[in-house]
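Single-structure report; data block below.
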Amino acid sequence: MTTEAASQLTELKRKVETREARIGIIGMGYVGLPLALLFSEQRFRVTGFDIAPDKVAKLNAGSSYIVRILPADIAAAQAAGFRATADYSQIAEMDAIIICVPTPLNEHNEPDLSYVVGTVKSIAPWVREGQLIVLESTTYPGTTEEVVVPLLEHGNPHGLKAARTLGQPGLHVVFSPEREDPGNDTVARHDIPKVVGGCGPAATELASALYSAIFRRVVPVSSPSAAEMTKLLENIYRCVNIALVNELKQLCMRMGIDIHEVIDAAKTKPFGFHAFYPGPGLGGHCIPIDPYYLSWKAKQFDFNTRFIELAGEINTDMPYFVLGQVSAALNEVSKPLKGSKVLVLGVAYKRDIDDLRESPSLTIIELLRDKGADVAYNDPYFPTVGHGRHYDLNMTSTPLDNLGQYDAVVIVTDHSTYDYPAIVRESQLVIDTRNATKGIASANILRC
Ligand SMILES: NC(=O)c1ccc[n+]([C@@H]2O[C@H](COP(=O)([O-])OP(=O)(O)OC[C@H]3O[C@@H](n4cnc5c(N)ncnc54)[C@H](O)[C@@H]3O)[C@@H](O)[C@H]2O)c1
């Protein structure tokens with residue numbers, strides 16, 4: 001190791017230990033903002049970068065736009081030096097830069113890296129020797145090495161390269177996947193181990209030192225690609241297992257077996273089984289999207305990821321299955337779907353969160369409307385729903401009164417604030433896609 005590089009490494013580690021290290025987090029969304037707060041809690045001075053002026057203004061005014069993050073949390077972070085900005089020139093003042101921008105799919109279900117590319121192009125002119133640069137956005141294996149590093153190396157005015165060997169000066173570039181699970185309070189954030197894979201050993205060492213300040217356990221892997229693949233394995237594992245129980249649910253319904261009873265019994269096995277639950281389809285920014293990042297990349301290697309394709313097919317079909325169930329349940333009481341009044345409960349993609357990205361509710365509402373149903377929705381987290389990548393609804397949440405007016409009430413998101421016994425009591429017909437009415441005995445419930 002050159003003396004200069006060695007002293008840089010020691011200096012940055014010292015700054016982490018003494019909390020003098022300045023942390024820049026790019027993308028103040030569902031991932032970046034909680035991460036900023038975690039670093040602030042550990043007395044780091046954090047700067048949050050975002051291109052959305054309203055988010056920057058709100059954060060600097062001490063308010064929040066994510067339900068589970070309270071203004072008091074922002075105020076506490078501000079007391080530790082937290083500020084938000086859209087000014088990329090401040091990147092030069094940071095010791096570590098962590099990128100948490102979106103990685104969606106385009107209209108052909110292919111990776112859309114435009115946010116990552118845009119971010120890296122914006123920071124490249126401001127990066128400096130010895131900085132730690134971490135990508136946390138979920139993506140396909142190879143992104144850090146093939147996209148991020150070249151953009152940084154070509155875009156910086158000092159000719160800096162990614163440091164690959166111990167002692168080589170330059171930029172320390174790392175991939176470290178985010179494992180945020182919104183709404184999951186069973187594991188404290190700092191108890192979730194953090195995987196890091198650097199382009200060189202010093203990068204991995206630095207990232208490990210930094211994340212050790214906020215996570216109890218850091219798991220170093222040999223490369224950014226291994227870290228990128230780790231995240232995809234985790235999400236594909238979930239996607240495939242959810243598809244499996246979604247398929248088995250449909251079979252169980254035909255066989256007159258309660259899939260939830262079966263899962264509850266199976267999960268008593270103390271080894272070799274992990275419970276996944278069926279539902280109305282996948283939602284959120286991760287599970288419906290991330291597997292396609294890998295299947296797209298796999299094609300470059302003449303490889304078909306058959307499990308991913310099959311799971312995608314089954315999970316994508318679930319809202320159509322729900323539509324069929326609503327129609328069949330109405331048919332049982334001699335009503336056509338066309339013209340029936342249907343209330344959809346919940347548009348968030350899962351319980352108790354304020355995120356509706358890729359939510360199956362949106363598809364279910366559109367399918368019901370397409371069939372001529374008169375659809376209303378209720379969601380305490382979304383007073384209105386406008387339009388997005390796959391939907392154009394322009395609806396307002398309806399109050400939860402006079403449930404008897406609806407021909408069917410469909411539980412799509414099982415928010416814990418809903419009073420399920422009252423919903424069952426007051427509704428003519430309940431279609432429950434989440435097992436939210438478990439334990440309630442009533443002839444007007446169809447669990448599907
Ligand atoms: N939300 C989750 O539960 C979750 C969990 C694990 C991983 N991830 C991954 O983390 C990444 C971020 O997801 P998210 O849910 O936080 O997204 P988000 O949409 O909530 O937040 C992204 C933020 O980045 C900002 N942004 C976009 N381009 C920018 C740019 N060039 N410069 C600065 N800011 C920019 C946006 O304005 C937005 O505030 C994605 O890759 C996602 O797959 C998300």
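Order of appearance sets the numbers: ligands from 1, and atoms from 1 within every ligand.
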Go through ligand 1 atom by atom and flag the ones less than 4.0 Å from a non-hydrogen atom of Pro182. 3 (O)
Give the numbers and elements of all ligand 1 atoms closer than 4.0 Å to a heavy atom of Ile26. 32 (N), 33 (C)
Note the single closest protein heavy atom to [atom], along with its residue, its atom name and the distance in Å.
atom                    : value
atom 13 (O) of ligand 1 : His285 CD2, 3.5 Å
atom 21 (O) of ligand 1 : Gly29 CA, 3.2 Å
atom 37 (O) of ligand 1 : Asp50 OD1, 2.6 Å
atom 44 (C) of ligand 1 : Val31 CG2, 3.3 Å
atom 9 (C) of ligand 1  : Thr138 OG1, 3.5 Å
atom 35 (C) of ligand 1 : Ile51 CG1, 3.5 Å
atom 31 (N) of ligand 1 : Thr119 OG1, 3.0 Å
atom 19 (O) of ligand 1 : Arg357 NH1, 3.3 Å

Going by distance only, is there an N or O of [X] that falls short of 3.5 Å from an N or O of ligand 1?
X      : result
Thr103 : yes
Asp290 : no
Asp355 : no
Arg179 : no
Pro102 : no

Start with the C-alpha gap between Glu366 and Arg369, add the side-chain angles, then the distance that decides, and say whether salt bridge (charged side-chain N to carboxylate O under 4.0 Å, His left out) holds. CA-CA 5 Å; Glu366 287 208 316; Arg369 274 181 164 185; 5.7 Å; no
Specify whether [X] and [Y] have parallel, tilted or perpendicular ring planes, treating 30° as the upper limit for parallel and 60° as the lower limit for perpendicular.
X      : Y      : result
Tyr140 : Trp296 : tilted
Tyr420 : Tyr418 : perpendicular
Phe276 : Tyr237 : perpendicular

Test salt bridge (charged side-chain N to carboxylate O under 4.0 Å, His left out) applied to Glu146 and Lys297, step by step: CA-CA 12 Å; Glu146 295 161 16; Lys297 186 69 180 174; 2.8 Å; yes
I'd like to know whether ligand 1 has Ser122 as a neighbour, heavy-atom separation below 4.0 Å. no
Less than 4.0 Å is my threshold; does some heavy atom of Glu136 fall inside it relative to ligand 1? no
Within 45° cone of Tyr211 ring axis and under 6.0 Å: Lys194 NZ or CZ: yes
